[in-house]
Each structure stands twice: as structure tokens, then as C-alpha cells.
Amino acid sequence: MTRTHPHSAHWGAFDAVVEGGRLREARPFARDAAPGALLASIPGAVHARSRIDRPYVREGWLRGGRAGSERGRDRFVPVPWDRAIRLAAEETRRVRAEAGDAAILGGSYGWSSAGRFHHARSQLHRFLGLGGGFTAQVTNYSYGAGMTLMPHVLGTNDVLQGPVTDWDGIARHARLMLCFGGLPLKNGLVTAGGAGSHDYAPQMRRAAEAGVRFVNISPFRGDCAEFLGAEWVPIRPNSDAALVLAMLHALVTEGLEDRDFLARCTVGWERLRAYVLGEADGVAKSPDWAAPLCEVPAETIRRLAREAAGAPTMITATWSLQRAEHGEQPWWALVALASALGGIGEPGQGIGFGYGSMNGMGTPRRRLPSVNLPATRNPGPSIPVSRVVELLERPGEVLSYNGRDITLPEIRMIWWAGGNPFHHHQDLNRFRRAWNRVETVIVQEPWWTAPARMADIVLPATTTLERNDIGSSSSDRFVRAMHRAVPPQGQARNDHDMLADMAEELGFRERFTQGRDEEAWLRHLYGQWQRSCAHFGVAVPDFDRFWAEGHAEIPPPNEGFTLFEGFARDPAANPLNTPSGKVELFSETIARFNYGEIPGHPVWREPREWLGAPLAERFPLHLLSYQPATRLHGQMDDGRVSLASKIQGREPMLMHPADAAARGLADGSVVRVFNTRGALLAGLRLSAEIRPGVVALATGAWWDPQEIGGETLCVHGNANVLTQDVGTSRLGQGCAAQSCLVQVEAWTGALPEIRVHSPPPVLEAAE
Ligand SMILES: Nc1nc2c(c(=O)[nH]1)N[C@H]1C(S)=C(S)[C@@H](COP(=O)(O)OP(=O)(O)OC[C@H]3O[C@@H](n4cnc5c(=O)[nH]c(N)nc54)[C@H](O)[C@@H]3O)O[C@H]1N2
Ligand SMILES: Nc1nc2c(c(=O)[nH]1)N[C@H]1C(S)=C(S)[C@@H](COP(=O)(O)OP(=O)(O)OC[C@H]3O[C@@H](n4cnc5c(=O)[nH]c(N)nc54)[C@H](O)[C@@H]3O)O[C@H]1N2
Ligand SMILES: [Mo]
């Protein structure tokens, strides 16, 4: 018998088609404008060989081997659930008693799944917060530097998180859209919390049809869809700040800057102007100065400045631009450029970060909250998320962040649920050493991903298909019912249920569950949302109707949305939430922090790793590790769509034919990519769409380190064995993965087998 159940994932809402207790198909939600291809990987993932079938404990840990290097090499011992729960609870109690609550790193960064109640990270935070506290992680890998900077500059993070000026306004009013990092189609496949409707591509297509001209300023031509007919400006990676400063120089020297806007709505223009003209340091940031840095002709830079001044212009940059050394600079410089063009607050013009980074950015939607498990108070300390290795390596030392000094606590225990640090973190060989310093690692996971393999206590979690939940996002107009479609696979349990049992062992079950079961929680969370919608004057169906129909739809907004409209009209009446109430092109606050690398206004600072650095003589290729088109991060890497893209089992890497010819490399061959931090194998894909000197390898191939030829080689192609683990600056302390130089050579050895899509070595069950 075939049954269908409404369901959802970050990569799209769907109907789960079930036959004989197995998921056969994830059929796109009928209301989706343009469903994404990733749904095809879901059935395979739910029933994958890589599912964790039961709880396990690392053999050496059971024998008392705590901190140590055997993690990831040791065998796993299967244990019954009650023993696993007891061991985890006892270890938590011991660590809290011996070393204090901050000794538990429970930040657990990661995307988890679309369901908002069973959201693993939120559940873990609730458990650890109610249990006394933990060391947490703030900001994110996506735009950590940007979200720390923008409150100083614009007084808000709406400009990068949304709502940004909507696409209807862009289509109607803009005539030019400058897209730094492009508008990559692949990024529109996902929305955190579930994409009920993929409006991403249709919206940009409508804008192009309405006459908006697109410019793709990116090392990769493929960052703009063919149908946009975009002009390609193949900029050198990490040089965007120089190009933007040079555009400002061109505007000023040609008298094209919007003096009225600059005077009414900004502070610090005079100082930035002096820097741009070279009055401050004797170096004019002219197009001729920038041309060799960006490898974009000076004439192109001048033309772009004139065109932007001559037509209503929207400026966007992908989040990736700030995921680099000095990543704050291109974004701050772009705010200055948008200010000098004067379009901020005008319909369809101005600036917004991330139109090209995720589905839902710029999609017209009412300003309503989403369904959510409310955050739990955590009395413990926190670090900027991507400084996790400093945390593990340097207890007691001080980390500078955004004007504060954080004393790093000593970590004894790591607990992860709903994230994959061996996906998301940089310089994995170093990360592994830092990870192995702690005494105990507990991981909740549905699959044998790297963190599960690198754990001491492994707790198998259900996937969303095995439980009831609600999918919801603040940038999607559908709230989706997620019905349980198949029984739990193996001995998998819901994250909430295993944590409730652990809370019981530790004496606070009631506080954790609040006496609610799954259904009571879903009714409660939905009810809260329904009430807050009512508060905004929007009626949504009651829970029973929502659950039966499979979704609730938020009615469309009554009018278009323009970010900063009120401010630009009357800055005195509607000031920004900055110290001056205006756009801060010079920030006294940031200047006072006295961080040499990030002074009070946007500047050009050379990264240590980019094609202009001395290091490029040894490692002459800039590696971009971008978001994968074939999966979400590491999720569903062993799914159908991802596997079909691999080359001889390895993750594909793009390279320009000239760079391949210079190295004697052929399309479809396996190559070794390396630098001083690590080495990996990738499958070579030649393309003239990537500029020479740049290679691009998507993140998300499961980490498969093997000792071969005297080195640790990731035989599968996880880009993070190569990337640099440094903060963007002391201000943002964001992830700087996009500043990374490598060399590439042919792989002449035997092809090592990919091991990570199968379970690791386990002992037979003892009982
Ligand atoms: N080099 C480089 N590195 C990067 C980036 C880059 O551009 N370049 N991008 C960065 C960015 S922007 C991000 S957001 C991060 C993403 O990094 P992550 O969010 O950590 O990556 P995911 O693979 O989505 O990890 C989610 C994990 O949760 C697990 N999971 C799913 N559902 C459940 C559940 O119900 N219960 C439990 N317990 N677990 C579940 C999945 O199996 C998966 O392992 O990566 C960052 N890393
Ligand atoms: N299919 C799919 N979509 C996703 C995700 C996924 O895993 N899969 N992840 C989601 C997440 S968590 C996030 S945070 C967003 C991230 O969204 P982004 O950060 O926007 O995504 P990326 O693919 O890392 O980068 C976009 C493009 O920027 C270009 N680029 C890189 N460095 C530079 C530079 O220095 N200068 C210029 N001009 N261009 C540069 C690259 O060519 C790259 O293709 O994507 C989301 N969307
Ligand atoms: Mo992200």
C-alpha cells in the first residue's frame, strides 16, 4: 500500500511517498514554484548504509582512555540505550563537578534539520542550559564577520539576514545590479527551516526580463545563470575591497558622488574620501592602483563606476566575500559605494548582502515570526563560533573579539548534535589535534559522519521522516506540517527523547519536557506562533486544520518592501541604530578598539594568502571552497545526486584548461591538491568559466583521512583539510576559509578506496 505524508527539508517541502514501511520518493510540494533537484537524495539517505544502527561507545574510552589520539582509529562497542544514557549522564555530572559547567563545549554549531521542535542543536542547548550551563558559540560560519560589523555601520543585520529590499522593487526600479560573487543558482536550492517555494531563480529571471542589467563580479562565470546575460568581470579572489575603493575614487574624481545623500545620511565621508584620494597615506586608491591587484582593467573599473552613477543601481555581494581574511572590508566598502551612489532607501536600489546566497532573500513576505523552540538561557561563556581551535588549544588565554576580551575556559568535554565540525571547520588536521585534547566527546547523529566517527559516545538519532514536526522559516511563506512517515530506523531515537532520559538521570526531566509529549509540544509551539500572527493582524488556521492540510500559508504582503526607506527620507525622524544615527563610513567605536588590521573606515589590506602574496610562488592557485550544488554542506553526501557528481569517487574540482595544460592534467583524472596544512584527492573538471589561477572545490565531501605515502591524505576531497584557520580580524573573528593557496599535481598512486560512506569498524554485540 502506498501512502503519502506532508514533509519538509531545508532543500524543499515535499510529500513523502511510503510503501511497505520504506520511503520510496520525495515528491515536490505542489505549491512550489520551482522545486529543487536535491529531493531525489532523501529516500536513499533515510535508508542509507551509513545510518547508525544503535548506540556505541569507543573501545579505548570504555577502558579509561580519555584524552587521546585513538579517536577515529579505535573500534566501537555496541551498548544498550540505557547504558549509553547512563554513561553520558554520569560523565556530564563528573565534568561539571570537577571542572565546572564551562568545561562542556555545547555550542554544537550546525544546520540540524528543518523541523523546528526536534531541531537537534536547540534541544541540546535546552538540555545543557537547564543542566547548569555550557560554553556556547555565537555568530556563524555563514556571515560571522559581516554580522559583527554591520551593527556598527548600519545599526542592523537586516541588510544581510533580511528582510532586504524585495525583488519586485528591483525589477521595477533598478536598471543595473552589481553582483559581487554573482547570484549562484545552486545557493537558491535551500532555505534554513525549509523552502516551501523556490522563488530564487524565477525572481531574478523576472528582473532580467524587466530590463535590469546584471554584472557578475566573481572569479567564476558560473556564479550567474546563463539566462541573466550578465557581464562577467573575472576578479581575483579576495581583491573586491580594492576594486570598490577604486570605484569610489572614480566617482569622486569625476564628481559623480551623491553629495546630498552623503551629507544627510552618513558620517565619516570626509575621512574615507581623504583615504581614497591618497591624502591620508600618499596612495590614491585609483582604478590604476587597483587594476593590478584585482586584475581588472582600470577602464572597466571606471566604466562600472560611471554606469552605476548613471542608472538606478542595486548592489549585492554574496556572504562568501566576507568569509576571507579582512572579510569585513569589501562589505564595508560596498556600503560606502552604495552611499556614494545615493540609492540606499530608494525602491529597488541601495544594497543588500546575500541575494545570491540563499532562497528567500528578497522574496516579498510579511514581517512575521517563524515557528520556533524558544532559546534557553545559558549562564555559561561563549566564543565567536569559528575560534573553536583557539578555545581548545589555549585555555586561560584571552581572545579579542569586537572590543571585548574573552578569557577562554578549559574544555574537558565536547557535545555535538545537529552539526558537523569536520565539515564546517578549517584546517582539519589541526582541528583533529585540538579535538583530541578533551576527555570525552558525545555526538548525536543519524549517520556515521566524521563527528560520529570522532566521538566516544555515539547516540543514533532519527531523521525527520521518523518523527512529527513543523518546518518553518522567517523567509518562506509556507509553514509545513512534517508527518512521521516511516518507523525509526534501527534503534534510532529522537534527540528530544534521548535528552529527556538523560535529564531524568540528572534529576530535571520535568523541567526539560515541561510535561509535554511530542504532540503537546507541536500544539504549543504552533499555538504560540498563531497568537503572534494574530498580534500582527494575520489569521492562520488552527493546529488541527494546519496538520490535516499539511501546511499554512501566510498571505502576501500588501505593499513592496524597501530597506532603510524611512531613514533615507528623514534620517532625523528615523535614525539608524548606530551611535550617530547615520551610516557610519567612519566608526569611532571601531577606531577605539585599536585593532590595526581594521581601522575606523574601510581600507584595503592584503590577505596573507591570495594570489598577490609571496606564498603564491610555492602555491600558485587560489582555492575557493564554495557551497555544493549537489547537497547541503555534508548532508546527503552519500545521496544519489551527490554521488552522481563524483569523479572516480572523488569530489570534483574546477580548474581552467590553461592551468591544467601547464601541469599536464586531464579532465576526469584524479589530482592531489596540497599546501603546508594538508593534502587531498579530487576529481578534475576543466572549465573556461573559472578564471586562470583559481580552483573551486565544493565543501561537503565526507572527510576520509588515510595515512598514505607518509602523509594524512583526505582521499575523498574535503576542502577543509587545506583551508586556513584564522579569524577575519579581531573585530569579526569570522571564518576565513576563502583565503587559501594550494598547488595541484597528478595523482599517480593507486586509487584509495572511499571508506566513509560505510560504517566504521565495530565489535559484535556483547549481549
Ligand atoms: N571551506 C569552507 N568551509 C565552510 C564553508 C565554506 O564556504 N568553505 N561554509 C561554512 C558555512 S556557511 C556553514 S553554514 C557550515 C555548515 O556546517 P554544518 O551546518 O555543520 O554542516 P551540515 O553538514 O549541515 O551539518 C549538520 C549535521 O547535522 C546532522 N543532522 C541532520 N539532522 C539531524 C537530526 O535530526 N539530529 C541530529 N542529531 N543530527 C542531525 C547531519 O547529519 C549533519 O552531519 O560550513 C562552513 N564551512
Ligand atoms: N545547494 C546549496 N545551497 C546552499 C548551501 C549548500 O550547502 N548547498 N549552503 C547555504 C549556506 S549555509 C550558506 S551560508 C549560503 C552561502 O552562500 P555564499 O557564501 O554566497 O555561497 P558560496 O558558494 O560560498 O559563494 C558564492 C560565490 O562567491 C564566489 N567567491 C568566492 N570568493 C570570492 C571573492 O573573494 N570575490 C568574489 N567576487 N567572489 C568570490 C565564488 O565563486 C562562489 O561561487 O549558501 C546556502 N545555500
Ligand atoms: Mo552557512
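Atoms within a ligand are numbered from 1 in the order they appear, just like the ligands themselves.
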What atoms of ligand 1 come within less than 4.0 Å of a heavy atom belonging to [X]?
X: W447; result: 42 (O)
X: H424; result: 3 (N), 4 (C), 15 (C), 16 (C), 17 (O), 18 (P), 20 (O), 45 (O), 46 (C), 47 (N)
X: N420; result: 20 (O), 25 (O), 44 (O)

## Note on the structure
Hits for side chain to side chain contact (heavy atoms under 4.5 Å, CB included) against A485, two or more places apart or cross-chain, chain-then-number order -> H5, A16, V18, L465
Considering only the protein, which heavy-atom contact is closest to [atom], and what is its distance?
atom: atom 12 (S) of ligand 1; value: S142 CA, 3.4 Å
atom: atom 11 (C) of ligand 1; value: Y141 CB, 3.6 Å
atom: atom 41 (C) of ligand 2; value: D223 OD2, 3.3 Å

Could you tell me if the ring centre of [X] sits under 6.0 Å from that of [Y]?
X: W703; Y: F431; result: no
X: F134; Y: H125; result: yes
X: H757; Y: W702; result: yes
X: W435; Y: F422; result: yes
X: Y143; Y: W331; result: no

Just go through [options] and tell me whose heavy atom is the nearest to [atom].
atom: atom 24 (O) of ligand 2; options: R323, H423, M361; value: R323
atom: atom 1 (N) of ligand 2; options: G188, P628, A324, P607; value: P628
atom: atom 8 (N) of ligand 1; options: G144, A452, S357, S625; value: S625
atom: atom 34 (C) of ligand 2; options: T630, D240, L183; value: D240
atom: atom 39 (N) of ligand 1; options: A492, A461, P446; value: P446
atom: atom 21 (O) of ligand 2; options: T318, N187, L38; value: N187

#### Entry: Lys/Arg-Asp/Glu bridge criterion (N-O < 4.0 Å) met for R493, E445
no
### Task
Using a strict cut-off of less than 4.0 Å between a Lys/Arg side-chain nitrogen and an Asp/Glu carboxylate oxygen, indicate whether E325 and R605 qualify as a salt bridge.
no
## Note on the structure
For I217, the atoms of ligand 2 under 4.0 Å from one of its heavy atoms are 38 (N)
## Note on the structure
If we number the atoms of ligand 2 from 1 as shown, the ones under 4.0 Å from a heavy atom of W111 are 12 (S)
### Message
Less than 4.0 Å is my threshold; does some heavy atom of R467 fall inside it relative to ligand 1?
### Response
yes
#### Entry: Y200: ring pair (Phe, Tyr, Trp, His ring centres under 6.0 Å) partners, not counting sequence neighbours
none
